[in-house]
Every structure is written in C-alpha cells, then in structure tokens.
Amino acid sequence: MLSRATKMTIKQVSKELQEGVIQSSEFCQASLQRINNTKYLNNFITVSSELAKNQVQYSEKLIKSGSARSPLEGLPVAVKDNFCTSGVRTTCASKMLENFIPSYNATVVQKLIDHGACIVGKTNMDEFAMGSGAVDSAFGPTRNVWKSQVENLNTKVDPEDWFIAGGSSGGSAAAVASGACFAALGSDTGGSTRTPAAYCGVVGLKPTYGLLSRHGLIPLVNSMDVPGIVARNVEDTTLILNILAGWDSKDSTTVSDLFEPIDLEENFSLSRLTVGIPTEYHNPDVDQQILDIWSDVASLLERLGAKVIPVSLPHTKYSIACYSILNHCEVASNMARYDGIEFGFRAAETKSTEEMFAASRSHGFNQVVRGRIISGNYFLLSRNYENHFMQALKLRRLISEDFLKVWAKGVDLLLSPVTLGEAPRYSDFKLKDNREQCATQDYCTQPANLAGCPAISIPIRLSKGGMPLGLQLLAPNFGERNLLNVARKIETEVDFPTLMLDDCL
Ligand code: GLN
C-alpha cells in the first residue's frame with residue numbers, strides 16, 4: 001500500500017494525507033520499519049524513533065484540523081549526522097563526538113521541523129565529512145542499496161564485494177534510495193551530496209553558498225560548506241529548498257534578499273537557454289558509459305530547444321590541488337576545538353594536560369582527520385603560508401573567474417558528469433586511500449564549491465551492470481530557478497527507473 005508512494009511526489013502524498021486516504025503515522029511506522037529491515041545498508045548511525053513518533057502525533061492532529069504547516073507535514077526525513085539535532089546525538093561519524101548530544105537544532109533542521117517533517121534518524125557519513133565514499137566512518141561503511149537488491153542479502157555477501165554508496169553523505173543518499181524517507185539533509189563541501197546521489201540514483205542539490213544557513217552544521221571547510229538536499233525527484237528537492245533557503249541571523253554568510261521561492265514551470269522553455277559543455281571535464285579516466293549519457297543528454301537539451309556549445313574552464317586542472325590545500329588549512333583550524341576538554345572524547349590516564357590533548361586527539365580522530373590536521377598546519381606555518389595557502393587562494397579566484405567568464409558570455413548552465421563512473425565495489429575503492437579517492441571522485445564536483453555556485457546531480461540511467469549513472473548541471477550563483485527547471489525537464493525525459501521495494505515508502 002505505502003510502496004505506491006515511491007512514485008509520488010511529496011505534494012501528491014500530502015494531498016492524500018489531507019484527504020485522510022492515509023495517515024501520517026502509517027508512514028512514520030513504515031519508515032522506522034524500513035530502516036530496521038535495511039540495517040545491512042548501515043546508513044543510519046542513530047534512529048530517532050521516539051522523536052519521530054512524537055512529531056508525527058502532533059502532525060496528525062494538525063492535519064486532522066486542516067492546519068498542516070506545509071506539504072512536508074507528517075513525512076519522514078533523515079538528517080546527516082553532522083547537523084546538530086537537539087537531544088539527539090550528533091557524532092560526525094567520529095569517536096570524538098560519539099556521545100555528543102547538542103542542546104540546539106541546526107537552523108535547517110529547525111526549519112524542517114517547523115514545517116512538519118518527522119526526523120527519523122541521523123545518517124552515516126565519512127568522519128567529519130572528509131571523504132567521498134561513506135566508508136571512512138567510525139561506524140563502518142555504508143552500502144549501496146541498488147546492488148544489495150540484486151544480490152541476495154540473506155545469503156552472506158562478502159562485505160568486500162559491496163558497492164559503496166558514495167560520500168560523504170552516503171547514509172542520506174542510501175536512506176532516500178532505500179525508501180526509508182522522502183528526503184534527507186546532506187552537506188556538500190567538495191561534492192559530498194552530489195556524488196552519493198549519483199551513485200544511489202537519487203537527486204542531490206548543492207545550493208549556492210550562502211543561500212542556506214550553516215548554523216549548526218559542524219564545519220569542515222567554512223568557506224565552502226553548504227547544506228545539501230537529497231530527494232527522490234526534482235520537485236521534492238525544490239519544495240525543500242524553498243523551505244530551507246533564506247537569511248539567518250546566526251550565520252553571517254547567509255544572504256538576505258536574493259532568493260524568491262521557486263515554482264517549477266510546467267511549460268518551461270529551453271529555447272532561450274545556452275548550455276555549456278566544459279571541455280576540461282573530459283577527464284582521461286571517465287568511463288565510456290558516462291561519456292555516452294553526457295552526449296545523449298546534451299543532444300536531448302538541443303532537441304528541447306537549448307543551444308549547446310563547448311566551453312573552457314582552463315583552471316580546472318588545478319582545482320584538486322587548490323581544494324585540498326584550502327580544505328586541510330580550514331580543517332586544521334576547525335578541528336582545534338576538539339581538545340578533550342570542551343567537546344567530545346577525552347583520553348583517560350594521561351600525566352599532563354598536553355598529553356591529554358594529544359591522546360584525546362590521536363584516539364578520537366581517525367587517520368584521515370589526523371592527516372589533514374597535520375598537513376593543514378604545515379601549509380599554515382609562517383614559512384609555508386605564502387607558497388601554499390596564499391597561492392591556493394589565488395587559484396581559487398582564477399577557478400571562480402573561469403565560471404564568471406563563461407556566464408558572462410551568455411552561457412546559462414553547464415552540463416557535466418558528476419562521477420567518473422558507476423559506484424565502485426568496496427574492495428576496489430579501498431585500493432586507494434582517502435586522498436587519492438577524493439582526487440578521483442571529486443574531480444567534477446569540487447570546482448562548484450570553490451566558486452560557490454549551485455549544482456545538481458540527476459539520475460539518468462542504469463549502467464550495463466545495473467547501477468545508477470548521473471549527470472551534473474551547474475548554474476551561476478543564485479541561478480537555482482533555471483537549474484531546477486532544466487533538471488526537471490531532463491528528469492521527465494530520461495524517466496530513470498524507480499527502485500521498487502516491497503516495504504519502502
Ligand atoms: N571528498 C571531499 C573531501 O573529503 C569532499 C567532502 C565533502 O563534500 N564533504 O574533502
């Protein structure tokens with residue numbers, strides 16, 4: 001009965017709730033059941049059943065009295081475990097914050113709650129969002145739901161043969177793809193919402209930097225972090241963006257007046273749009289199947305009336321190096337707060353305060369986090385600062401200017417791959433370390449974070465092996481309206497298959 005909803009938008013489901021065809025508590029129950037039945041995905045770190053049940057009780061009252069707060073009223077939503085949730089532990093998938101229970105909600109979480117969403121749990125991720133596979137978590141790797149359906153889960157599949165969900169917001173993407181919730185919050189610093197969305201066959205939006213509040217999002221790289229939205233389709237993504245966007249007095253980097261809620265237009269015309277194909281995104285390692293969908297969708301956009309032209313973003317090749325220097329420098333500074341005193345894990349039996357700091361940090365963080373702290377501090381040493389940090393900042397400006405020049409020539413959107421191929425197997429993924437993996441996985445996604453512009457990952461079709469393949473659209477800052485309208489056109493045309501599961505929502 002509820003699995004019917006897999007093919008429905010949030011607005012359609014909401015209509016049925018208002019009409020009393022179905023009760024929101026049934027959804028909440030089904031969601032918790034689904035999470036329980038798909039534990040093998042390891043996509044949730046904490047399931048907040050009590051909170052969700054209380055929220056849904058209240059929602060049901062409001063729905064019955066005709067005063068639903070939004071179409072999200074009474075619907076299950078998940079939250080990545082790097083957003084603070086009042087009274088619900090927030091671990092960042094790290095031993096350091098294993099027992100951290102915030103006393104407040106991140107602004108975007110509060111907005112979801114104020115609009116009636118029921119928060120069913122906190123999703124798995126790479127520790128402190130440092131990664132691209134959702135495998136470097138203190139709670140173990142997240143598994144991709146697509147292949148898990150094909151392989152019989154009751155016969156023990158070797159964990160090494162799992163397909164990864166992508167990261168770092170892999171838990172959120174797997175939660176949405178597995179039918180456990182209608183949408184989930186991710187975060188995107190270098191691609192962490194778009195990559196797992198592409199690998200899991202769902203929509204992943206990285207909004208313009210400053211459009212959504214970062215208050216309560218535990219920082220990775222303050223100058224690039226944005227809350228991301230993972231949903232089943234572009235319409236739901238837009239609905240949630242409209243709820244979350246806007247100025248926040250608690251985040252001075254949010255903008256005040258540049259966002260008007262977006263209505264997707266039924267008859268949106270592409271005839272006055274120019275779509276650029278960035279030449280430099282033809283990475284030598286990109287899989288032929290990705291190249292095929294890339295050119296197919298470019299032709300589709302042409303058929304729909306858009307002008308499609310090749311464009312150049314000449315500094316793309318420096319983006320990985322530039323990103324990693326800036327990332328590590330901001331990480332070094334952000335992680336300084338975890339000292340064993342104010343927050344999180346404290347090592348026992350140390351002889352001095354200094355030893356306690358060191359032991360807490362060595363045992364509380366994984367190797368990836370420790371490595372980034374060390375290299376970040378190295379880049380920031382007074383003798384290295386000019387040659388590394390300052391150079392990287394200059395490169396960042398050049399990379400941003402590449403985009404500005406393309407927009408200035410009349411290009412409205414860019415179309416590119418999200419990932420270089422389909423989701424890899426866990427055993428293959430682990431052959432390369434976190435740093436090497438990020439260099440590969442984030443190749444097409446990081447530049448948008450350096451420039452701050454919005455980008456969306458849209459599922460296009462299944463690979464020969466039955467795994468989702470996605471593409472990315474990018475737009476000028478605050479160009480979400482065109483971005484989402486064109487994304488929806490593509491979505492309608494490609495008709496990506498829905499993963500039908502017996503007990504999903
Ligand atoms: N893979 C990138 C990193 O580890 C991006 C992570 C993210 O977007 N949170 O830094």
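Just so it is clear, the structure is predicted and the values come from calculations on it, not from any experiment. Whatever order the structure lists them in is the order used to number ligands and atoms, beginning at 1. Note that these values count all heavy atoms, side chains included, but never hydrogens, waters or copies made by symmetry.
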Review point. Hey, are the side chains of Leu112 and Leu185 touching, using non-hydrogen atoms and a 4.5 Å cut-off?
Key: yes
Review point. Taking the inter-plane angle between the rings of Phe128 and Tyr338 on a 0 to 90° scale, is it parallel (under 30°), tilted (30 to 60°) or perpendicular (over 60°)?
Key: tilted
Point to revise | Phe139 side chain near Thr91 side chain, heavy-atom distance below 4.5 Å | key: yes
Review point. Looking at Glu280 and Lys317, does any basic side-chain N land under 4.0 Å from a carboxylate oxygen?
Key: no
What are the atom names and distances for all N or O pairs under 3.5 Å between ligand 1 and the protein?
{"from": "ligand 1", "atom 1": "1 (N)", "to": "Gly131", "atom 2": "O", "distance (Å)": "3.0"}
{"from": "ligand 1", "atom 1": "1 (N)", "to": "Asp442", "atom 2": "OD2", "distance (Å)": "2.5"}
{"from": "ligand 1", "atom 1": "4 (O)", "to": "Gly131", "atom 2": "N", "distance (Å)": "2.8"}
{"from": "ligand 1", "atom 1": "4 (O)", "to": "Arg372", "atom 2": "NH1", "distance (Å)": "3.3"}
{"from": "ligand 1", "atom 1": "4 (O)", "to": "Arg372", "atom 2": "NH2", "distance (Å)": "2.8"}
{"from": "ligand 1", "atom 1": "8 (O)", "to": "Thr189", "atom 2": "N", "distance (Å)": "2.8"}
{"from": "ligand 1", "atom 1": "8 (O)", "to": "Gly190", "atom 2": "N", "distance (Å)": "2.7"}
{"from": "ligand 1", "atom 1": "8 (O)", "to": "Gly191", "atom 2": "N", "distance (Å)": "3.3"}
{"from": "ligand 1", "atom 1": "8 (O)", "to": "Ser192", "atom 2": "N", "distance (Å)": "3.1"}
{"from": "ligand 1", "atom 1": "8 (O)", "to": "Ser192", "atom 2": "OG", "distance (Å)": "2.8"}
{"from": "ligand 1", "atom 1": "9 (N)", "to": "Ala129", "atom 2": "O", "distance (Å)": "2.9"}
{"from": "ligand 1", "atom 1": "9 (N)", "to": "Ser192", "atom 2": "OG", "distance (Å)": "2.7"}
{"from": "ligand 1", "atom 1": "10 (O)", "to": "Tyr323", "atom 2": "OH", "distance (Å)": "2.7"}
{"from": "ligand 1", "atom 1": "10 (O)", "to": "Asn327", "atom 2": "ND2", "distance (Å)": "2.9"}
{"from": "ligand 1", "atom 1": "10 (O)", "to": "Arg372", "atom 2": "NH1", "distance (Å)": "3.0"}

Practice item. State, with a plain yes or no, whether a side-chain heavy atom of Trp407 is found less than 4.5 Å away from one of Asp412. Key: no
**Study point:** Listed once per pair and sorted, the salt bridge (charged side-chain N to carboxylate O under 4.0 Å, His left out) pairs that draw on residues 183-205, sequence neighbours left out
**Key:** Asp188-Arg194
